[in-house]
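What you see is a predicted model; the values in this text were computed from it and never measured.
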Amino acid sequence: MRISIIGAGFSGCALATELARAASSDVDIQLVGVPDSYGRGVAYGEARPEHLLNVRARDLGATADHPGEFADWLNLTERARTTFLPRLVYGEYLHSRLQAAAQLSLAGFNRIAQEAIAIDREGPAFRVHLADGSDFVSDRVVLTVGALPPQPLAGIGPRLAVHPSYIAWPWQNGLDGIGAIDHIAPNQRVLIIGTGLTMADVVATLHRRGHRGPITALSRHGLLPQSHTDEPAAPIALPPTVLNAINTHDLRELVRSLRALTPIVPDWRALIDALRPYLQGFWRGLPAERRSQFLRHLRSHWEVLRHRLAPTLSRELEELRVRGRLRVRAGRLLRARRTGEAVEVLIRERGFSHASREEFDVVVRATGFDTDVDRTSHPLIAQLRDSGLITADPLGLGIEASARFEALDGSGAPVRGLYALGPLLRAQLWEITAVPELRVAARALAKQLLSAQERQASVGIRRGMEALARP
């Protein structure tokens, strides 16, 4: 049986490694991914030295039963295990363990550094088409493409959209092979759309490059990610009021209970972390109306509490704000266009009815990752959507899928043999973008795929025996 994994970032590498370690010699594993970040993914392959992990090293092992593997791989001291290391180092760890698993595996392991651009159903199997024009057939396909490319930013004028003063993705390279962000002159006025983790990385890079001009970060709520503490907080147990709200899928009561507890617990971060094991089950049982309410009113507030910054980066941002070098604003970008030597923008700040006209030298889109399948420009996901092999979640949270990770078609039926792992499953699991949840899901899916292979093999043996027994 051939299992093809489309996407060689964390999810794809974790699944490939689990399969390689457990599969027998009659399984063929294919890991397909874009060349630039193969085996590392965009988050760790396109990072820069100043970009830090937002999880402590001790918790980042890619194996469900060995969370300390990353720290062990680096042979860290006890104190170093609680620090936040560069993301580039984590990319090397993922690549290293993938290579080791491939070398030791009994299964066939083929690494394909090509982008998959289309997948067609071919009988009970699938034909996967690659960017170089080649293709192959696979019995099972798992979509681990990670986050989707950022969508066009509303309000960006046509001239600006193709001008170097607009950077649609901070880490893209220009025609000269140099990073787009490296073309920003030290004294230029920079407007960053987004105030989350991507914005923090952009500011960190500009700061390392000696940027002296004013930086403005704009988002709907103007919220910055909260900071981790230097030392990890002691874990806490959730009280009955919170557990009852979780078990009854009562979003309103859950929020009320958490607000009441926040002033009481020693550190609110421990309270957020204690929720993690329950969030997937809570989200599964949440009605569509409540999910929509959460996304409209609570998502931004939850994200800044849940996805926190390394303490050193948080202090760096705060210092820049105190010095007036970084300004964080709540509002909307209504329009941005190229005029003369500058970028003219219209911004309506939150709580104001009138817009202000301002000028910047560079606009950077840093709105984080996207999972809206209906609006995506991702060639493979758009092709699968248009062919009916996958169905977009109506709330923009990836695809519709079964509890067994199978993609659902337009009629709601599972597409046998087509699976997903990672952010595409946010509609079903919500908390499926970070290492602790992804490594558990990768192991569960690997076991499922291999158990299906064993069932298929036993059926074949039985049918062969029956044929031999016939007169």
Side-chain angles (χ1 to χ4, degrees), residues 6-7 9-11 41-43 142-156 168-169 193-199 218-221 223 225 249 251 255 279-280 282-307 332-333 365-403 405-412 414-415 418-434 437-438 441:
I6 311 301
F10 179 87
S11 297
V42 173
V142 185
L143 303 173
T144 59
V145 298
L148 302 177
Q151 298 170 22
L153 192 61
I156 299 296
W169 174 242
I193 307 302
T195 60
L197 298 177
T198 305
M199 179 279 299
L218 176 72
S219 70
R220 180 183 172 189
H221 295 282
L223 299 174
H249 307 285
L251 178 61
V255 172
L279 290 178
Q280 290 185 345
F282 176 74
W283 184 264
R284 281 196 197 98
L286 206 59
E289 181 184 357
R290 289 287 181 261
R291 292 184 184 184
S292 180
Q293 289 176 346
F294 170 83
L295 295 175
R296 286 198 310 272
H297 304 298
L298 297 175
R299 179 178 186 169
S300 297
H301 300 275
W302 169 256
E303 297 283 9
V304 300
L305 298 174
R306 166 66 186 84
H307 301 287
R332 291 182 180 275
L333 175 69
R365 184 192 193 281
T367 52
F369 71 80
D370 182 56
T371 55
D372 193 340
V373 168
D374 259 338
R375 300 173 59 192
T376 189
S377 61
H378 191 288
L380 174 60
I381 299 302
Q383 180 265 332
L384 289 170
R385 176 200 65 208
D386 295 342
S387 67
L389 283 176
I390 62 173
T391 302
D393 170 65
L395 296 177
L397 299 177
I399 67 171
E400 298 282 3
S402 73
F405 306 99
E406 292 172 304
L408 303 182
D409 62 19
S411 65
V415 180
L418 182 61
Y419 302 84
L421 183 67
L424 285 178
L425 295 178
R426 290 201 92 183
Q428 289 72 43
L429 301 173
W430 178 251
E431 194 67 37
I432 192 65
T433 62
E437 289 77 21
L438 286 171

4.5 Å side-chain heavy-atom contact, Val42 and Phe369: no

Would you please test Leu153 and Leu333 for side chain to side chain contact (heavy atoms under 4.5 Å, CB included) and show each step? CA-CA 9 Å; Leu153 192 61; Leu333 175 69; 4.2 Å; yes

Looking at NE2 of His297 and OG of Ser292, how far apart are the two atoms once the value is rounded to the nearest 0.5 Å? 8.0 Å

Checking salt bridge (charged side-chain N to carboxylate O under 4.0 Å, His left out) for the pair Arg306/Glu431: CA distance, chi angles, key distance, verdict? CA-CA 10 Å; Arg306 166 66 186 84; Glu431 194 67 37; 2.6 Å; yes

Calculate, to the nearest 0.5 Å, the distance between atoms CZ and CG belonging to Phe405 and Leu418 respectively. 14.0 Å

Residues which pass side-chain hydrogen bond (donor to acceptor under 3.5 Å, both in side chains) with Gln151, listed by chain and number, not counting sequence neighbours: Asp370, Arg375

Any side-chain heavy atom of Val415 sitting closer than 4.5 Å to one from Ile390? no

Side chain to side chain contact (heavy atoms under 4.5 Å, CB included) between Leu295 and Leu397: does it pass, once the steps are laid out? CA-CA 10 Å; Leu295 295 175; Leu397 299 177; 4.0 Å; yes

Sorted by chain and residue number, the ring pair (Phe, Tyr, Trp, His ring centres under 6.0 Å) partners of His307 (sequence neighbours excluded) come out as none

Over all atoms of both residues, closest heavy-atom pair of Pro414 and Glu406: CB-OE1, 3.7 Å

At what distance, to the nearest 0.5 angstrom, does CG of Leu425 lie from CD1 of Ile399? 6.0 Å

Between Thr195 and Ser219, is there a donor-acceptor pair closer than 3.5 Å when you use the side chain of the first and the backbone of the second? no

Can you list the residues that meet the side-chain hydrogen bond (donor to acceptor under 3.5 Å, both in side chains) rule with Asp372, with sequence neighbours excluded? none

Return yes if some donor-acceptor pair links the side-chain N/O of Ser387 with the main-chain N/O of Leu384 below 3.5 Å, else return no. yes

Could you tell me whether the side chain of Arg291 and the main chain of Trp283 form a donor-acceptor pair under 3.5 Å? yes

Under the side chain to side chain contact (heavy atoms under 4.5 Å, CB included) test, which residues partner Leu438, sequence neighbours left out? Phe10, Ser11, Ile432

Kindly compute the distance separating OG1 (Thr391) from CG (Asp409), expressed to the nearest 0.5 Å. 6.0 Å

Could you pull out all residues at least two apart from His221 that satisfy ring pair (Phe, Tyr, Trp, His ring centres under 6.0 Å)? His301

With side chains defined as the heavy atoms from C-beta onward, is the minimum distance between Leu148 and Val373 less than 4.5 Å? yes

Does either side chain, that of Arg290 or that of Gln293, offer a donor lying less than 3.5 Å from an acceptor on the other one? yes

Just so I know, are the side chains of Phe282 and Trp430 near enough to count as touching, which here means a heavy-atom distance under 4.5 Å? no

List the residues meeting side chain to side chain contact (heavy atoms under 4.5 Å, CB included) with Ala382, not counting sequence neighbours, and say none if there are none. Arg385

Within-4.5 Å side-chain heavy-atom neighbours: Leu424 and Thr371: no

How long is the span from the CZ atom in Arg365 to the CD1 atom in Ile193, to the nearest 0.5 Å? 9.5 Å

Short question: side chain of Thr144, backbone of Ile6 - any donor-acceptor pair under 3.5 Å? yes

So, taking the atom named CZ in Arg284 and the one named CD in Gln428, what distance separates them when rounded to the nearest 0.5 Å? 9.0 Å

Kindly give the heavy-atom pair with the smallest separation between Pro423 and Ala147, and that separation in Å. CG-N, 4.0 Å

